[in-house]
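When a ligand or atom number is given, it counts from 1 through the structure's own listing order.
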Amino acid sequence: MDWIRDADIDPAALSGKRVAIIGYGNQGRAQALNLRDSGAEVAIGLREGSASQAEAEREQLTVLSLAAAAAWADVTMMLAPDEHHAAIYGEIAQSLREGSALGFSHGLSVRFGLISPRYDLDVFLIAPKGPGTALRSLYLDGKGMIAAWAVAQDASGRARDIALAYGGAIGSGRAGLIATSFAEEAEADLFNEQAVVWGAVPELLIAGYETLVDGGCSPELAYLECVGELKLLADLIEARGIAGMREAISNTAELGALLGGRRIVDNGVRQRMADILAEVRAGKFAAALTAEAGAGYPALNAERRENLSSEIENTRRRLKPAS
Ligand SMILES: NC(=O)c1ccc[n+]([C@@H]2O[C@H](COP(=O)([O-])OP(=O)(O)OC[C@H]3O[C@@H](n4cnc5c(N)ncnc54)[C@H](OP(=O)(O)O)[C@@H]3O)[C@@H](O)[C@H]2O)c1
């Protein structure tokens with residue numbers, strides 16, 4: 001697997017080009033500010049009456065309408081929520097300059113056909129592997145965040161150079177850019193969200209907490225055991241890998257992990273993971289996301305309300321009253 005770093009990137013592919021960032025949220029703000037600090041000419045494209053406008057203007061960024069931003073730019077980066085890409089593309093498709101580039105930070109909307117970019121456009125992916133707040137703070141510290149890159153359409157013959165120059169300008173060339181495709185990035189990201197880090201891990205923490213409490217343990221100790229130690233685990237894995245993490249813990253913890261881990265994550269879990277991957281690839285999740293957004297996010301809103309008033313959250317508040 002080849003990593004691309006700043007030394008391999010020709011920043012000239014972006015020099016003199018105007019970059020419009022569509023959306024000024026988690027990724028939009030960070031990418032816009034990093035690009036500007038790297039010398040790019042940046043403007044923000046927002047819908048009329050956008051709540052984000054004041055914040056972008058506080059940073060002295062020019063704010064344009066969606067269509068005006070697309071008409072102004074040589075590179076238009078789609079950094080609004082994935083489920084709105086289709087509607088936004090519909091609004092800007094006629095305005096995008098012929099032969100310009102259209103970028104994404106997640107492959108979902110192109111992979112699952114929510115949008116079909118015009119054939120004259122370069123279409124690229126620069127997907128930082130972490131949140132915008134960290135992308136910005138790493139950049140300010142002289143570091144960068146790993147990102148995946150891909151090209152879906154190379155109309156100009158320069159799409160790869162533009163993508164890599166963009167990745168360099170947001171700071172990711174300092175850490176490394178890894179080659180992928182829109183399909184691979186979208187499928188792996190959606191799989192992980194459901195089956196591993198963001199879906200399964202929190203449910204495992206809650207199930208462990210509830211098992212201990214049902215077994216007579218105090219909620220506070222159950223929380224500290226099952227949830228509080230996650231950061232220690234994450235830091236150890238980040239610093240030393242899974243093998244190094246196991247070396248760093250006590251023999252007691254290591255033997256416990258050996259005896260218990262594979263009883264919990266058994267072949268049934270692996271089969272359901274495979275089922276989720278197949279469903280993601282078949283477009284089931286993309287359809288669910290579009291339907292959820294179209295209905296005004298009823299499932300997400302109900303879940304957020306329920307989470308906030310849950311027993312495990314009450315325990316967390318008792319342990320950390322200030323947070
Ligand atoms: N969040 C992450 O950590 C992360 C990491 C890697 C990749 N990504 C990808 O980056 C992209 C952006 O994600 P994000 O989390 O940064 O999004 P986000 O923070 O939710 O984006 C919010 C911004 O999008 C604008 N927006 C929302 N709906 C809009 C609409 N219908 N029309 C026009 N503008 C609209 C909002 O403007 P208003 O103020 O008008 O609502 C706001 O400026 C996605 O493709 C995502 O998958 C995200």
On a heavy-atom basis, I'd like to know which of [options] is closest to [atom].
atom: atom 20 (O) of ligand 1; options: P81, G25, G130; answer: P81
atom: atom 42 (C) of ligand 1; options: G45, A54, S52, A30; answer: S52
atom: atom 13 (O) of ligand 1; options: S105, A80, A186; answer: A80
atom: atom 45 (O) of ligand 1; options: D82, L66, L190; answer: D82

If you measure from each non-hydrogen atom of [X] to ligand 1, which part falls under 4.0 Å: side chain, backbone, both or neither?
X: Q53; result: neither
X: A127; result: neither
X: H84; result: side chain
X: L108; result: neither
X: I22; result: neither

Min heavy-atom dist P128 to ligand 1 below 4.0 Å =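 It does, in that a heavy atom of P128 comes within the 4.0 Å cut-off of ligand 1.
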So is H106 polar-close to ligand 1, meaning N/O to N/O under 3.5 Å?
-> no
Going by an N to O cut-off under 4.0 Å, is there a salt bridge joining E41 and R36?
-> no
Under the 6.0 Å and 45° cation-pi test, does R118 pair with Y89?
->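 Judged by the rule (NZ or CZ under 6.0 Å from the ring centre, within 45° of its axis), R118 is not positioned above Y89.
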With sequence neighbours left out, what residues match E184 under side-chain hydrogen bond (donor to acceptor under 3.5 Å, both in side chains)?
->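 Only T180 meet the side-chain hydrogen bond (donor to acceptor under 3.5 Å, both in side chains) criterion with E184.
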Results of side-chain hydrogen bond (donor to acceptor under 3.5 Å, both in side chains) for E313 - residues two or more places apart only =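 With sequence neighbours excluded, E313 shows a side-chain hydrogen bond (donor to acceptor under 3.5 Å, both in side chains) to R316, given in chain and number order.
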Quick note on ligand 1: atoms under 4.0 Å from a heavy atom of P131 include exactly 3 (O)
Which atoms of ligand 1 are found less than 4.0 Å from any heavy atom of H85?
->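 Listed by number with element: 45 (O).
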